[in-house]
> 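Supplied in structure tokens, the structure appears directly below.
Remember, it's a predicted structure, so these values are computed and weren't measured experimentally. Any value given below was found using the heavy atoms of this structure, including those in side chains, with hydrogens, waters and symmetry copies removed.
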Amino acid sequence: MDEELSNVLGNDELDSNAKAEVIKKLIGGSYVPLKKYTDDVATVKKENKELKDAVKNQNTEIEGYKNSQLTDDQKKQKELEDIANTKRELAIERSQIQAEKILSKVITEDKELESLVKGISSENIEATKVLATNLVDTITKQKEATEAKIREELIKDTPKPTGGEADKTMTKDKFSKLSYNEQVKYKIENPEGYKQLFN
């Protein structure tokens, strides 16, 4: 198929309309005009939405039928279970808010923060806060240790300044032994030192 298409496209004897017709024949039943493809996709999307809505309605109807068949005690029990589930979900949401507030001090990447918050949050808000605080402490200690190690290696790799005459205190005797240019340079670069020598 690739070779045949290359031959058609490379054939200078055919104009663009003739090439299009030959390509359509080569493709045969596989060829779908863009408008038909677009219409088909729109139809499928519409049918999918209608199907989802129908399933949702059926589920609602089934749930309603199940509820209508329950005894009063069973209805009360179901209401208590619904309340307990709602209470649990709210407790977890409150835990997530607390965990996010604590963890956002050390984690700035949104996806990483969200994943970690969901992973450690539970119904027990205090336990979640303790866990989040421990994580922050651990991350902070690791960060500080890493920074200290980098600082130590940078200091270790930095060459130490070599001592010399420039590092020692200037005296009148040393100053008098300098050349004229060195004396002028010292006076410009160390005006306070120069004053101390001659005042």
> Who else is in the cluster with Tyr180 when I, L, V, M, F, W and Y are joined by side-chain contacts under 4.5 Å?
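Members alongside Tyr180: Val184, Ile188.
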> Quick one: closest heavy-atom pair of Met170 and Leu178, and the distance?
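Heavy-atom minimum between the residues: CE-CD1, 3.8 Å.
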> Can you name the nearest heavy-atom pair linking Ser95 to Ser122, along with the distance?
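That closest heavy-atom pairing would be OG-O, 2.6 Å.
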> Taking Ile125 as the starting point, is it possible to reach Ile92 by hopping between hydrophobic residues whose side chains are less than 4.5 Å apart?
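No, Ile92 and Ile125 fall in different hydrophobic clusters.
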> Less than 4.5 Å apart, any side-chain heavy atom of Leu113 and any of Thr108?
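A side-chain contact under 4.5 Å is absent here.
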> Roughly how far apart are Glu144 CD and Lys149 NZ, rounded to 0.5 Å?
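If I round to the nearest 0.5 Å, the distance is 16.0 Å.
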> Determine, step by step, whether Gln98 and Arg94 satisfy the side-chain contact (heavy atoms from CB on, under 4.5 Å) criterion, reporting the C-alpha distance in whole Å, the side-chain angles of both residues, the deciding distance to 0.1 Å, and the verdict.
CA-CA 6 Å; Gln98 293 298 319; Arg94 285 177 41 213; 5.7 Å; no
> Does some side-chain heavy atom of Thr43 sit less than 4.5 Å from a side-chain heavy atom of Glu47?
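Glu47 reaches Thr43 side chain to side chain.
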> Crowded around Asn48 CG? As in, over 12 foreign heavy atoms under 6.0 Å?
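Atom CG in Asn48 is crowded, with more than 12 foreign heavy atoms closer than 6.0 Å.
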> Do other residues, nucleotides or ligands put more than 12 heavy atoms under 6.0 Å from Arg88 CZ?
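Enclosed: over 12 neighbouring heavy atoms sit under 6.0 Å from CZ of Arg88.
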> Glu109 and Glu112: which non-hydrogen atoms are nearest, and at how many Å?
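Answer, listing the atom of Glu109 first, then Glu112: OE1-N, 3.0 Å.
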> State yes or no: do Leu131 and Leu116 share one hydrophobic cluster built from I, L, V, M, F, W and Y residues joined by side-chain heavy-atom distances below 4.5 Å, directly or via other members?
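Cluster IDs for Leu131 and Leu116 match.
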> I'd like to know if the side chain of Glu114 and the backbone of Lys111 have a donor-acceptor N/O pair within less than 3.5 Å.
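Such a contact is absent between Glu114 side chain and Lys111 backbone.
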> Are Lys52 and Lys49 packed together at the side-chain level, in the sense that at least one heavy-atom pair is separated by less than 4.5 angstrom?
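A side-chain contact is absent here, since even the closest heavy-atom pair is not under 4.5 Å.
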> List the steps, then state whether salt bridge (Lys or Arg N to Asp or Glu O under 4.0 Å) holds for Lys36 with Asp40.
CA-CA 6 Å; Lys36 180 169 178 10; Asp40 288 349; 3.2 Å; yes
> Strictly below 4.0 Å, N to O, side chains only: are Lys129 and Glu126 in salt-bridge contact?
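Yes, charged N to carboxylate O under 4.0 Å.
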> To the nearest 0.5 Å, what is the distance between CG (Asn57) and CD1 (Ile62)?
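Answer rounded to 0.5 Å: 11.0 Å.
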> Under 4.5 Å between side-chain heavy atoms, hopping through other hydrophobics if needed: is there a path connecting Val130 to Val136?
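Different hydrophobic clusters.
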> Measure across Ser121 and Gln96 and return the closest heavy-atom pair with its distance rounded to 0.1 Å.
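Shortest heavy-atom contact: OG-CG, 3.2 Å.
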> How about NZ on Lys75, more than 12 heavy atoms from neighbouring residues, nucleotides or ligands closer than 6.0 Å, or not?
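Yes.
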> Looking only at non-hydrogen atoms, find the nearest pair between Phe175 and Gln183 and report the distance.
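Distance-wise, the nearest heavy atoms are O-NE2, 2.8 Å.
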> With rounding to the nearest 0.5 Å, note down the distance linking OG1 in Thr71 to NZ in Lys76.
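With rounding to 0.5 Å, OG1 (Thr71) is 9.5 Å from NZ (Lys76).
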> Could you state the interatomic distance from NZ (Lys78) to CG (Asn85), rounded to the nearest 0.5 Å?
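Atom-to-atom, Lys78:NZ and Asn85:CG are 9.0 Å apart.
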> Could you check whether atom CG of Asp72 has more than 12 heavy atoms from other residues, nucleotides or ligands sitting under 6.0 Å from it?
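No - once you tally the heavy atoms of other residues, nucleotides and ligands closer than 6.0 Å, there are 12 at most.
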> For the atom pair CD1 (Ile102) and CD1 (Ile107), what is the distance rounded to the nearest 0.5 Å?
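So the gap between those two atoms works out to 11.5 Å.
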> Is Asn190 reaching over with its side chain to a backbone N or O of Gly193, donor-acceptor style, under 3.5 angstrom?
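Checking the backbone N and O of Gly193 against the side chain of Asn190, no donor-acceptor pair under 3.5 Å is found.
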> Quick check for you: to the nearest 0.5 Å, what is the distance between Lys174 atom NZ and Tyr186 atom OH?
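Separation between the atoms: 9.5 Å.
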> Could you tell me which non-hydrogen atom of Leu197 sits nearest to which non-hydrogen atom of Thr171, and how far apart they are?
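Minimum heavy-atom contact is CD2-C, 3.5 Å.
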